[in-house]
Amino acid sequence: QVQLVESGGGLVQAGASLRLSCVASGRASSMYALGWFRRAPGKGREFVGSISRNGVATYYADTVKGRFTISRDNAKNSVYLEMNSLKAEDTAVYYCAAVWKASGISSSTREGDFVYWGLGTQVTVSS
């Protein structure tokens, strides 16, 4: 069992930056690749980015590539999402998620692969 707790959301203006954090706790949390997903009002949950256990491999949705950066600190059992040049369409609840990976150098982009989920943190970008 892995517990995930997100923080760092808020209300910002378009063009601003935010940094989301997620702390993982529980059994063997370092054995999990970690990801970020989001759900905008009236839409389904979508992939944002993910990172392998060793932090070497990262994956991004096309809509955030070049603006968002995912990173992790295994000593702190944490994953981060640095969001720059925010747009109104980035407004959503952002969720941290974990998927067990035998390989330390891969992750997933598929929502169905992720087993553990946080409760989410709201990000609102005003235009």
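Computed from a predicted model, the values in this text were never measured in an experiment.
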Query - Closest non-hydrogen atom pair, A33 against S52 - result: CB-CA, 4.2 Å
Query raised in the report: Can you list every pair that meets side chain to side chain donor-acceptor pair (under 3.5 Å) and has a residue in residues 118-127, with sequence neighbours left out?
Result: Q122-T124
Requested in this report: Spell out, as yes or no, whether a donor-acceptor pair under 3.5 Å connects the side chain of Y94 to the backbone of G8.
Outcome: no
Query raised in the report: When you measure from the side chain of R53 to the backbone N and O of A102, does any donor-acceptor pair fall under 3.5 Å?
Result: yes
Query raised in the report: Heavy-atom distance under 4.5 Å between the side chains of V48 and Y60, does that happen here?
Result: no
Query raised in the report: Just wondering, are more than 12 heavy atoms of other shown residues or ligands nearer than 6.0 Å to CG in L11?
Result: yes
**Report entry** Side-chain heavy-atom pair M31, K101 within 4.5 angstrom cut-off
**Finding:** no
Requested in this report: Report yes if some heavy atom in the side chain of E46 is under 4.5 Å from a heavy atom in the side chain of R38; otherwise report no.
Outcome: yes
Query - Close side-chain approach of C96 to W36, heavy-atom, < 4.5 Å - result: yes
Requested in this report: Nearest 0.5 Å please: distance from the OG1 atom of T63 over to the NZ atom of K87.
Outcome: 8.5 Å
Query raised in the report: Rounded to the nearest 0.5 Å, how far does OG of S25 lie from CD of Q3?
Result: 4.5 Å
Query raised in the report: If every non-hydrogen atom of I70 is compared with every non-hydrogen atom of L34, which pair is closest and at what distance?
Result: CD1-O, 4.1 Å
**Report entry** Check: S78 side chain, K76 main-chain N or O, donor-acceptor pair, under 3.5 Å
**Finding:** yes
Query raised in the report: Tell me, do Y116 and Y32 make a side-chain contact under 4.5 Å, heavy atoms counted?
Result: yes
Query raised in the report: Just wondering, do D90 and V123 contact through their side chains at under 4.5 Å, heavy atoms?
Result: no
**Report entry** L86/F68 under side chain to side chain contact (heavy atoms under 4.5 Å, CB included): CA gap, chis, key distance, verdict
**Finding:** CA-CA 9 Å; L86 283 163; F68 291 11; 3.9 Å; yes
Report task. Sorted by first residue and then second, give each side chain to side chain donor-acceptor pair (under 3.5 Å) pair with at least one member in residues 14-24; sequence neighbours left out. Result -> S17-N84
**Report entry** Donor-acceptor contact present, side-chain E6 to main-chain L119, <3.5 Å
**Finding:** yes
Query - same_hphob_cluster(L20, V12) at 4.5 Å side-chain heavy-atom cutoff - result: yes
Query raised in the report: Linking I/L/V/M/F/W/Y whenever their side-chain heavy atoms sit closer than 4.5 Å, directly or via other members, would Y95 and L4 fall into one cluster?
Result: no
Query raised in the report: Is the side chain of R39 donor-acceptor paired with the backbone N or O of V93 at a distance under 3.5 Å, no angle test?
Result: no
Requested in this report: Might you work through the side chain to side chain contact (heavy atoms under 4.5 Å, CB included) test for N54 and I105, ending with a clear yes or no?
Outcome: CA-CA 6 Å; N54 64 4; I105 58 172; 3.1 Å; yes
Query raised in the report: Would you find a donor on one side and an acceptor on the other, under 3.5 Å apart, between the side chain of S50 and the backbone of S107?
Result: no
Query raised in the report: Relative to F47, does R110 satisfy both conditions: NZ or CZ under 6.0 angstrom from the six-membered ring centre, and within 45 degrees of the ring's axis?
Result: no
Query - F114 to G35 - nearest heavy-atom pair and separation - result: CE2-N, 3.8 Å
**Report entry** Side chain proximity check, V79 to I51, heavy atoms < 4.5 angstrom
**Finding:** yes
Query - Validation row: Y80, C22 side chains within 4.5 angstrom (heavy atoms) - result: no
